[in-house]
Amino acid sequence: MAFQRINLIGVPVDIIKIQDLELSVLELLSKPGTKQIVFLSVWDLLKARHKGEFQDYVNSADMIIPVSKSILSGAKFLKKDIPVRYNPFNFTIEVLNILDSHFKSLYLLGSRGQTLTVAERNLKSTFPTLKIVGRHAGYYNKNKEEDIVVNLYKASPSMVLVSDGIKEKALWSFKRRNRFGSSIFCYYRDSLGIFSKRIKRVDEEVFNKGHEIWHEIGKNPIKIFLLLPFLKYIIILVFYRLFRD
């Protein structure tokens, strides 16, 4: 394996340096069966500490990419090796560039029809040798799901980019992992919206400062309550520093 995995308050987190990313992706592509790339926020990290499907999803993931600055701070506080934090959009671009340079394939799943169409067109122009072998809009009727699963299995893409409009979100592919071929699944809610230019991505400077939560609160003020679990995170870190690590 081309990267290192640490354990942070009971949750696995990967350390993938940018220079090791291509080899890591190629190794992942060579593995049989369904693979998962997880973008892990600090709130996801807290959720993954509790037994259930989400914990199983994270624990079994092939790549666990930290996207919250607080995860890096937590690793430093517990005197562990510090992970590399990625902006989900930038990471997705890097992976698509790798797939494109190795003539791999992609399937798009999610968003509304018009958004999906524009995103596909923009992706084709940006990654000319990346073959898009299928797509299906999200927000679909339940009776269409079997066809989607069958089509995904037949297409057997190198990677499936899952966006908004999928009811079970990241867990959709995990729950059906035994019904697909050898594909990498990556759930990134805003991906197709950004690729279609319908959604504006978080400013790079804001992300680098770790202030993207305020961007989210600006769009949805109820997310102010996410600050309460963050306090819990700090308490857990202190507990681990004093009594566990």
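Keep in mind that the numbers below use all heavy atoms, side chains included, and drop hydrogens, waters and symmetry copies. Residue numbers count from 1 along this sequence.
Listed by chain and residue number, nothing satisfies the side chain to side chain contact (heavy atoms under 4.5 Å, CB included) test with S30 (two or more places apart in sequence, or in another chain). Residues that satisfy the salt bridge (charged side-chain N to carboxylate O under 4.0 Å, His left out) test with K154, not counting sequence neighbours, are absent from this structure. Remark: I93 pairs with F89, N97, F127, F195 by the side chain to side chain contact (heavy atoms under 4.5 Å, CB included) rule, at least two apart or across chains.
Shown here is E205, whose CD atom has no more than 12 heavy atoms of other residues, nucleotides or ligands within 6.0 Å. The number of heavy atoms from other shown groups lying within 6.0 Å of OH (Y139) is above 12.
Taking the side chain as every heavy atom from C-beta outward, R177 and F185 never approach each other to under 4.5 Å. Within the 4.5 Å cutoff, no side-chain heavy atoms of V58 are placed close to those of D44. R241 places a side-chain heavy atom less than 4.5 Å from the side chain of K79. Residues S182 and K35 have side chains in contact (heavy-atom distance under 4.5 Å, counting atoms from C-beta outward). At least one side-chain heavy atom of I65 sits less than 4.5 Å from a side-chain heavy atom of F39. At least one side-chain heavy atom of I18 sits under 4.5 Å from a side-chain heavy atom of L21. For the pair Q36/S173, a side-chain contact is recorded, criterion being any heavy-atom separation below 4.5 Å from C-beta on. Looking at L130 and L123, their side chains never come closer than 4.5 Å, going by heavy atoms from C-beta outward.
Formation of a donor-acceptor pair under 3.5 Å by the K80 side chain with backbone atoms of N7 is found in this model. Remark: side-chain polar atoms of T129 are paired, donor with acceptor, to backbone N or O of D100 under 3.5 angstrom. Of the possible donor and acceptor atoms, one in the side chain of D14 sits under 3.5 Å from a partner among the backbone N and O of I64. Checking side-chain atoms of S196 against main-chain N and O of A119 turns up no donor-acceptor pair under 3.5 Å.
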Item to complete: Take R85 and K69, measure what side chain to side chain contact (heavy atoms under 4.5 Å, CB included) needs, and give me the verdict at the end.
Response: CA-CA 7 Å; R85 175 177 176 242; K69 199 170 186 179; 3.9 Å; yes
Worksheet item: Hey, mind stepping through Y188 and F91 against ring-ring contact (aromatic ring centres under 6.0 Å, His included) and telling me if it holds?
Response: CA-CA 11 Å; Y188 175 23; F91 183 90; 9.8 Å; no
Discussion item. Go through it in stages, so that I can follow the logic: the residues are I184 and M63, the test is side chain to side chain contact (heavy atoms under 4.5 Å, CB included), and I'd like the CA-CA distance, side-chain angles, deciding distance and then a yes or no.
Written reply: CA-CA 10 Å; I184 300 171; M63 279 189 186; over 6 Å; no
Worksheet entry | Stepwise side chain to side chain contact (heavy atoms under 4.5 Å, CB included) test for V84 and I16 | CA-CA 6 Å; V84 177; I16 306 179; 5.9 Å; no
Item to complete: Would you please test V11 and L40 for side chain to side chain contact (heavy atoms under 4.5 Å, CB included) and show each step?
Response: CA-CA 10 Å; V11 179; L40 192 75; 4.2 Å; yes
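V67 and L192 fall within the same hydrophobic cluster, where Ile, Leu, Val, Met, Phe, Trp and Tyr residues are linked whenever their side-chain heavy atoms come under 4.5 Å apart, directly or through other members.
Sorted by first and then second residue, the pairs that involve residues 130-140 and meet salt bridge (Lys or Arg N to Asp or Glu O under 4.0 Å), not counting sequence neighbours, are E120-R135.
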Per-pair distances, 0.1 Å, donor-acceptor, side chain in residues 46-53, under 3.5 Å, sequence neighbours excluded:
unit_1: R49; atom_1: NE; unit_2: I9; atom_2: O; d: 2.8
unit_1: E53; atom_1: OE1; unit_2: K175; atom_2: NZ; d: 3.4

Between side-chain atoms of residues 145-152 and protein atoms elsewhere (two or more places apart, or another chain), which donor-acceptor pairs fall under 3.5 Å?
unit_1: E145; atom_1: OE1; unit_2: Y140; atom_2: OH; d: 3.2
unit_1: E145; atom_1: OE1; unit_2: W172; atom_2: NE1; d: 3.3
unit_1: E145; atom_1: OE2; unit_2: R176; atom_2: NE; d: 2.9
unit_1: E145; atom_1: OE2; unit_2: R176; atom_2: NH2; d: 2.7
unit_1: E146; atom_1: OE1; unit_2: R179; atom_2: NH1; d: 3.2
unit_1: E146; atom_1: OE1; unit_2: R179; atom_2: NH2; d: 3.3
unit_1: E146; atom_1: OE2; unit_2: R179; atom_2: NH2; d: 2.6
unit_1: N151; atom_1: ND2; unit_2: D147; atom_2: O; d: 3.1

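Of all heavy-atom pairs spanning P66 and I71, the tightest one is CB-CG2, 3.9 Å.
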